[in-house]
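The block underneath contains the structure these notes are about, expressed in structure tokens.
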Amino acid sequence: QVQLVESGGGLVQAGGSLRLSCAASGSIFSIDTMGWYCQAPGKQRELVATITRVGSTNYADSVQGRFTISRDNAKNTVYLQMNNLNPEDTAVYYCNADIRRHGWYWRAENFWGRGTQVTVSS
């Protein structure tokens, strides 16, 4: 079985920073694209940032220049450094990954973490 576990969320004042981590564990052969999504109350889940295995990144316009996504392939972990946070960033942040499992390496399966709450006060 494969699990994604997020950590690093919390309460921060506007202008502050947080660093989220997401570690993948289980019977993993390799991981393709990893990413972060967020869902605010009453809104749909939306893309924050993604990163490919070789480090190509993609960001939502709203976080460009403030957030940085990175990954450590040896640790099967993806990070999201969030700077200059504002109250509009308040949401549950979910980790997402396309994972190839041992014995099923020809097929990438999509997995989600359970999410971590980020709250930004004004």
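Just so you know, residue 1 is the first one in the sequence shown, and it goes up from there.
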Test your reading of the model: is there a side-chain donor-acceptor pair from [X] to the backbone of [Y], 3.5 Å cut-off?
| X | Y | result |
| --- | --- | --- |
| H102 | S27 | no |
| Q81 | R19 | no |
| R66 | N84 | yes |
| T90 | E88 | no |
| Y59 | I69 | yes |
| Q39 | V92 | no |
| Q117 | G9 | no |
| R114 | V5 | no |
| D98 | I31 | no |

Item to check | Partner of M82 under side chain to side chain contact (heavy atoms under 4.5 Å, CB included), chosen from V120, V118, D89 | outcome: V118
Supply the atom-to-atom distance [X] [atom1] to [Y] [atom2], rounded to the nearest 0.5 angstrom.
| X | Y | atom1 | atom2 | answer |
| --- | --- | --- | --- | --- |
| L47 | N58 | CG | CG | 6.0 Å |
| E46 | S62 | CD | OG | 6.0 Å |
| F67 | L20 | CZ | CG | 8.0 Å |
| I28 | F111 | CD1 | CZ | 8.0 Å |
| C22 | R71 | SG | CZ | 10.5 Å |

Checklist entry - Would you say the side chains of N83 and S17 form a donor-acceptor pair under 3.5 Å? => result yes
Checklist entry - Checking side chain to side chain contact (heavy atoms under 4.5 Å, CB included) for the pair Y93/E6: CA distance, chi angles, key distance, verdict? => result CA-CA 8 Å; Y93 284 73; E6 302 99 334; over 6 Å; no
Report yes if the side chains of [X] and [Y] come closer than 4.5 Å at any heavy-atom pair, otherwise no.
| X | Y | result |
| --- | --- | --- |
| V78 | W36 | yes |
| D72 | Y79 | yes |
| N96 | N110 | yes |

Checklist entry - Which residues satisfy the side-chain contact (heavy atoms from CB on, under 4.5 Å) test with S56, sequence neighbours excluded? => result T52, V54
Next on the checklist: Under the criterion side chain to side chain contact (heavy atoms under 4.5 Å, CB included), I'd like the reasoning laid out for L4 against I99: C-alpha separation, chi angles, the key distance, then a yes or no.
Outcome noted: CA-CA 10 Å; L4 299 177; I99 296 174; 4.1 Å; yes
Next on the checklist: If you count heavy atoms of other groups shown closer than 6.0 angstrom to CZ of R53, is the number above 12?
Outcome noted: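 For R53, atom CZ is crowded (more than 12 foreign heavy atoms under 6.0 Å).
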Identify the two heavy atoms, one from [X] and one from [Y], that lie closest to each other, and give their separation to 0.1 Å.
| X | Y | answer |
| --- | --- | --- |
| P87 | S121 | CG-C, 4.4 Å |
| L18 | G8 | CD2-O, 3.8 Å |
| T77 | K75 | OG1-O, 2.8 Å |

Checklist entry - Which pairs with one or both residues in residues 99-112 pass salt bridge (charged side-chain N to carboxylate O under 4.0 Å, His left out), sequence neighbours excluded? => result D32-R100, R101-E109, R107-E109
Checklist entry - Would you call the rings of Y105 and F29 parallel, tilted or perpendicular, where under 30° means parallel and over 60° means perpendicular? => result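 Geometry flag for F29 against Y105: tilted rings.
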Next on the checklist: For Y37 and W112, take the angle between the two ring planes, folded into 0 to 90°, and tell me which bin it lands in: parallel under 30, tilted 30 to 60, perpendicular over 60.
Outcome noted: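 Ring orientation, 0 to 90° scale: perpendicular.
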Next on the checklist: Is there a path of hydrophobic side-chain contacts, each under 4.5 Å between heavy atoms of I/L/V/M/F/W/Y residues, joining M34 to Y94?
Outcome noted: no
